[in-house]
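Presented below is the structure to which this report refers.
Within every chain, numbering begins at 1; the chains are lettered A, B, ... in the order of the sequence lines, protein sequences first and strands thereafter.
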Number of protein chains: 2
Amino acid sequence: MSTKTIEDYLKHIYQLQEHTDQVTTSAIAQRMDVSAASVTDMIKKLSERGYLHYTPYRGVELTPEGRGLALNVLRKHRLWEVFLVEYLDFPLHQVHEEAEDLEHLPSTELVQRLDKLLGYPRIDPHGDPIPTADGTIEDQHGRLLAHAQPGQSARIVRVSDTNPELLRYLESIGLVPHTEIQIKSRAPFEGPMVVEVDGVEHSLGNTVMNHIFVNIHPR
Amino acid sequence: MSTKTIEDYLKHIYQLQEHTDQVTTSAIAQRMDVSAASVTDMIKKLSERGYLHYTPYRGVELTPEGRGLALNVLRKHRLWEVFLVEYLDFPLHQVHEEAEDLEHLPSTELVQRLDKLLGYPRIDPHGDPIPTADGTIEDQHGRLLAHAQPGQSARIVRVSDTNPELLRYLESIGLVPHTEIQIKSRAPFEGPMVVEVDGVEHSLGNTVMNHIFVNIHPR
DNA sequence: CTCAAGGTTTAGATGGGGCTAAAATATACT
DNA sequence: AGTATATTTTAGCCCCATCTAAACCTTGAG
């Protein structure tokens with residue numbers, strides 16, 4: 001239904017490229033919830049416009065121009081997320097969706113002024129780095145909580161923004177960026193982990209652990 | 001090129017309806033900078049959806065639903081204008097154009113929270129009234145500056161937002177809402193008017209006078 | 001009261017993004 | 001290597017907003 005723009009495609013391709021190494025038609029289709037045929041069509045267009053290299057049946061690779069556009073969208077998205085939290089008091093789990101519309105506002109002056117209002121933030125409310133106006137971006141912070149060991153203490157630096165339900169749960173127990181936690185125990189064979197947050201213990205399953213990134217404190 | 005939405009049509013029709021009494025196809029086309037044929041098409045669609053009544057070759061009249069949608073767009077537009085001025089320090093002459101994009105953000109929660117952040121303002125930076133969430137709107141304030149008489153003093157309550165160039169000029173000499181002025185003289189036959197603003201005298205032609213609305217102080 | 005002028009509507013086409021179904025190609029397994 | 005399965009692309013169609021050119025009213029002036 002809702003129609004996707006060139007910017008949307010580039011953004012999602014960029015984000016796929018971050019984690020997987022083959023960005024396939026079907027991966028894009030699945031992520032964006034459109035048909036594979038639509039993706040093929042759009043890829044042709046993006047290729048003609050010089051945003052990516054396209055080898056039929058093979059996959060896709062962003063050109064510097066494509067990457068630049070993608071990072072600009074991401075920049076707008078994440079700056080607006082900061083605004084939504086800091087000025088409009090939106091709960092964390094809602095900002096991603098709201099920012100999906102805001103990120104497409106074309107005015108560069110608007111973004112510049114927003115960036116200034118917010119004090120040139122480096123990360124968004126989920127802990128994701130905000131690309132700069134000249135198209136650079138820091139690496140994502142933190143290691144998966146799943147890699148932490150019992151007895152260690154850590155600071156949450158990032159949470160995945162992909163699942164609003166899960167995010168709502170994390171919020172409700174205080175598992176958000178900047179929070180300090182202690183890892184109490186871990187059941188064997190990738191079992192649940194018990195962590196202490198704000199003096200309260202919680203048992204976390206694998207899915208949850210894989211949405212949380214931490215800096216582990218040296219002892 | 002830039003494609004107009006249903007909301008755009010309703011907004012412009014509403015604003016035409018405020019000042020003229022026959023809202024014709026060509027008036028809409030001219031105002032929106034699209035062809036008359038496009039307007040005819042769109043009018044048919046809007047009529048089918050119950051937003052207006054349409055008599056071919058005659059003109060158009062908004063239904064309560066159409067008016068409601070139009071006022072909602074206007075509400076969003078004007079609230080964002082307040083934000084652009086108060087939080088992002090945009091100059092007055094730029095906010096109208098920037099708000100043209102912001103007004104189409106669909107989220108009602110976003111608007112509600114914005115309204116709260118701004119302190120539930122009643123007027124936008126040009127002095128135009130902001131419709132309420134339940135679809136009511138105050139009458140526009142002020143009388144044309146052209147109607148004021150030499151010797152009177154007045155407060156500017158509203159300036160037209162239609163001409164950015166002119167607005168830029170008004171801004172540069174301080175002729176913006178809330179400013180106090182004195183009418184010094186007026187040349188005969190609709191001639192130029194001399195007004196004092198912030199201790200400086202300016203001679204204003206008819207076009208300028210017809211973009212400024214004032215409350216004249218009793219003596 | 002006719003008819004030309006001018007505003008309005010229809011006809012037919014474009015470009016953007018989307019879809020399903022069928023054809024083409026790649027991969028993976030025996 | 002050969003074939004079955006899975007992925008990708010093509011073909012053909014839809015919807016939306018737009019345009020130009022041509023046909024169609026309305027109206028107002030002679």
Distance check needed: [N] [atom2] versus [X] [atom1], whole Å only.
{"X": "B:His12", "N": "D:dA17", "atom1": "NE2", "atom2": "C1'", "answer": "16 Å"}
{"X": "B:Ile43", "N": "D:dC16", "atom1": "CD1", "atom2": "P", "answer": "18 Å"}
{"X": "B:Asp33", "N": "D:dC19", "atom1": "CG", "atom2": "C1'", "answer": "13 Å"}

Taking the side chain as everything from C-beta on, heavy atoms only, tell me whether [X] gets closer than 4.5 Å to [Y].
{"X": "A:Val176", "Y": "A:Val159", "value": "no"}
{"X": "A:Asn163", "Y": "A:Tyr169", "value": "no"}
{"X": "A:His126", "Y": "A:Ser160", "value": "no"}
{"X": "A:Phe213", "Y": "A:Leu144", "value": "yes"}

Just the table, please: protein N/O against nucleotides 25-27 of chain D N/O, every pair under 3.5 Å.
from   : atom 1 : to      : atom 2 : distance (Å)
D:dT27 : OP1    : B:Arg58 : NH1    : 3.3
D:dT27 : OP1    : B:Arg58 : NH2    : 3.1

Please confirm whether the shortest side-chain N or O distance from B:Thr40 to OP1 or OP2 of C:dT9 is below 4.0 Å.
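Yes, within the criterion.
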
Does a side-chain N or O of A:Lys44 approach OP1 or OP2 of D:dT10 to a distance below 4.0 Å, or not?
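Answer is yes, contact under 4.0 Å.
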
For [X], report the nucleic acid contact type (base, sugar-phosphate, nothing); a contact means any heavy atom under 4.0 Å.
{"X": "B:Ser35", "answer": "base"}
{"X": "A:Ser26", "answer": "sugar-phosphate"}
{"X": "B:Thr25", "answer": "sugar-phosphate"}
{"X": "A:Val39", "answer": "nothing"}

Among residues two or more places apart or on two chains, list those pairs meeting salt bridge (charged side-chain N to carboxylate O under 4.0 Å, His left out) that have a residue in residues 129-138 of chain A.
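Salt bridge (charged side-chain N to carboxylate O under 4.0 Å, His left out) check on residues 129-138 of chain A returns A:Arg122-A:Glu138.
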
Salt bridge (charged side-chain N to carboxylate O under 4.0 Å, His left out) contacts in which one or both residues fall within residues 46-72 of chain A, not counting sequence neighbours
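Qualifying pairs, neighbours excluded: none.
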
For a quick check under 3.5 Å, do B:His104 and B:Asp8 share a side-chain donor-acceptor pair by atom type?
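Yes - a donor-acceptor pair under 3.5 Å links their side chains.
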
Please find the pair of heavy atoms, one from B:Glu81 and one from B:Pro125, that lie closest to each other, and give the distance.
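Answer, listing the atom of B:Glu81 first, then B:Pro125: O-CG, 3.5 Å.
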
Can you say whether the rings of A:Tyr87 and B:Tyr87 are parallel (under 30°), tilted (30 to 60°) or perpendicular (over 60°)?
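Rings of A:Tyr87 and B:Tyr87: perpendicular, as their planes differ by over 60°.
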
How would you list all residue pairs meeting side chain to side chain donor-acceptor pair (under 3.5 Å) that involve residues 111-121 of chain A, not counting sequence neighbours?
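Listed once each, the pairs are A:Arg75-A:Asp115, A:Glu109-A:Arg113.
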
Do you know which of B:Val60, B:Thr63, B:Leu62 makes side-chain contact (heavy atoms from CB on, under 4.5 Å) with B:His53?
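Among B:Val60, B:Thr63, B:Leu62, the one that satisfies the side-chain contact (heavy atoms from CB on, under 4.5 Å) with B:His53 is B:Thr63.
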
Distances for protein N or O near nucleotides 14-17 of chain C N or O, under 3.5 Å:
from   : atom 1 : to      : atom 2 : distance (Å)
C:dG17 : OP2    : A:Lys45 : NZ     : 3.2
C:dG17 : O3'    : A:Thr3  : OG1    : 3.2
C:dG17 : O3'    : A:Lys4  : O      : 3.3

Quick one: which protein N/O atoms are closer than 3.5 Å to N/O atoms of nucleotides 11-13 of chain C? Pair and distance per line, please.
none

